[in-house]
Amino acid sequence: MKKDKKLVIANWKMNPETTVEAKKLFLQIGKEASGLRNVETVVCAPFVFLSELKRVYKGGTLSLGAQDLFWENKGSYTGEISPTQLKNTGVRFVILGHSERRALWETNSDVNKKIKMALKQGFRVIFCVGEKERDRQGEHLQFLKEQLIEGLQKVSSKDMKNIIIAYEPIWAIGKTEEDAITPQSLHEMILFIRKILVTIYNKNIALDAKVIYGGSVERGNAHNILTEGTAEGFLVGHASLNTSEFGDILKIANSV
Ligand code: PGA
């Protein structure tokens with residue numbers, strides 16, 4: 001398996017409330033991230049802040065990401081944001097299939113259409129998967145398998161280098177580090193994800209795919225999630241709104 005930088009992605013969700021706060025947070029995160037050579041830091045901010053964040057940030061350490069995009073590039077789609085519009089604001093990453101969007105209405109097939117469009121337009125896609133709950137019969141594994149197979153329908157092996165799989169069990173999102181997955185269980189889930197990727201693609205693609213974890217990552221569990229849990233990075237929600245906490249997470253990722 002190739003060893004490269006850890007990928008730490010901030011998912012600000014629908015925060016903060018003002019551009020002033022967004023700029024402040026972004027610049028502080030930029031400071032925390034600077035000089036960390038073993039970690040790649042991405043901030044996925046709400047659409048309305050992206051241009052301004054791009055404009056004010058002069059450092060080279062942070063990349064900008066969006067939290068969604070639409071599967072068409074042109075046309076009458078009130079309220080949607082096109083891949084080209086996003087690209088023109090300097091965004092290179094996009095979160096797709098986040099459970100909070102799936103909870104609203106998004107199906108595996110919608111996520112798949114968005115993934116294909118995003119890849120076509122040259123984005124790096126943070127493809128979120130994860131089960132709502134666990135059960136003894138292993139139905140959650142079947143659920144995850146379907147999300148992967150349907151989400152990656154007609155995504156070529158070549159394009160897999162631009163896919164980051166973010167395993168985010170819904171039961172672990174938005175809580176505290178005590179509620180996050182155990183490293184052992186995460187390790188098993190990552191193996192399961194790679195096993196599915198072998199069936200869709202091949203062993204090399206499955207081993208090379210970048211798999212990160214999201215769901216109540218905080219400074220207290222970050223180290224074990226990367227080491228014992230074998231995640232190659234994080235998708236961080238609430239802790240990414242706290243500069244000191246997020247800064248510690250970045251340092252941990254840098255040192256592992
Ligand atoms: P959380 O969110 O870190 O607050 O659990 C993660 C996510 O939803 O991406």
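For ligands, and for the atoms within them, numbers begin at 1 and follow the listed sequence.
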Could you check Asp159 against Lys116 for salt bridge (Lys or Arg N to Asp or Glu O under 4.0 Å), going step by step and ending with a plain yes or no? CA-CA 9 Å; Asp159 277 336; Lys116 284 185 294 194; over 6 Å; no
As an exercise, identify every atom of ligand 1 less than 4.0 angstrom from a heavy atom of [X].
X      : result
His98  : 7 (C), 8 (O), 9 (O)
Ile173 : 2 (O), 5 (O), 8 (O)
Gly215 : 5 (O)
Gly174 : 1 (P), 4 (O), 5 (O)

Measure centre to centre between the rings of Tyr77 and Phe70, then say whether the value is under 6.0 Å.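 Yes, ring centres under 6.0 Å apart.
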Taking the six-membered ring where the residue is Trp, are the ring centres of Phe123 and Phe93 under 6.0 Å apart?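 No.
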Does some non-hydrogen atom of Gly214 fall short of 4.0 Å from ligand 1?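 Per 4.0 Å heavy-atom rule, Gly214 does not contact ligand 1.
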Any Lys13 heavy atom less than 4.0 Å to ligand 1: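 Heavy atoms of Lys13 do come under 4.0 Å of ligand 1.
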Please answer whether the main-chain N or O of Glu218 pairs with a side-chain N or O of Asn221 as donor and acceptor at a distance below 3.5 Å.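 Between the backbone of Glu218 and the side chain of Asn221 there is a qualifying donor-acceptor contact (under 3.5 Å).
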[atom] - nearest protein heavy atom and its distance:
atom                   : result
atom 9 (O) of ligand 1 : Glu168 OE2, 2.7 Å
atom 4 (O) of ligand 1 : His238 ND1, 2.6 Å
atom 3 (O) of ligand 1 : Gly237 N, 2.8 Å

Answer whether the closest heavy-atom distance between the side chains of Leu96 and Ile126 falls below 4.5 Å.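 Not touching, per the 4.5 Å side-chain cut-off.
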Geometry only, no angles: is Val236 polar-contacting ligand 1 at N/O separations under 3.5 Å?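 Between Val236 and ligand 1, no N or O pair is found under 3.5 Å apart.
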Based purely on interatomic distance, does Lys175 place a nitrogen or oxygen under 3.5 Å from a nitrogen or oxygen of ligand 1?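 In fact, backbone or side chain, Lys175 has no N or O that close.
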Got more than 12 heavy atoms from elsewhere within 6.0 Å of NZ, Lys145?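 Not buried by this count: 12 neighbours or fewer within 6.0 Å.
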If the threshold is 4.0 Å, N to carboxylate O, is there a salt bridge linking Glu21 and Lys24?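 Salt bridge between Glu21 and Lys24, a charged N being under 4.0 Å from a carboxylate O: no.
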I'd like to know if Glu40 and Arg92 make a salt bridge, using a cut-off of under 4.0 Å between side-chain N and carboxylate O.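 Salt bridge absent between Glu40 and Arg92.
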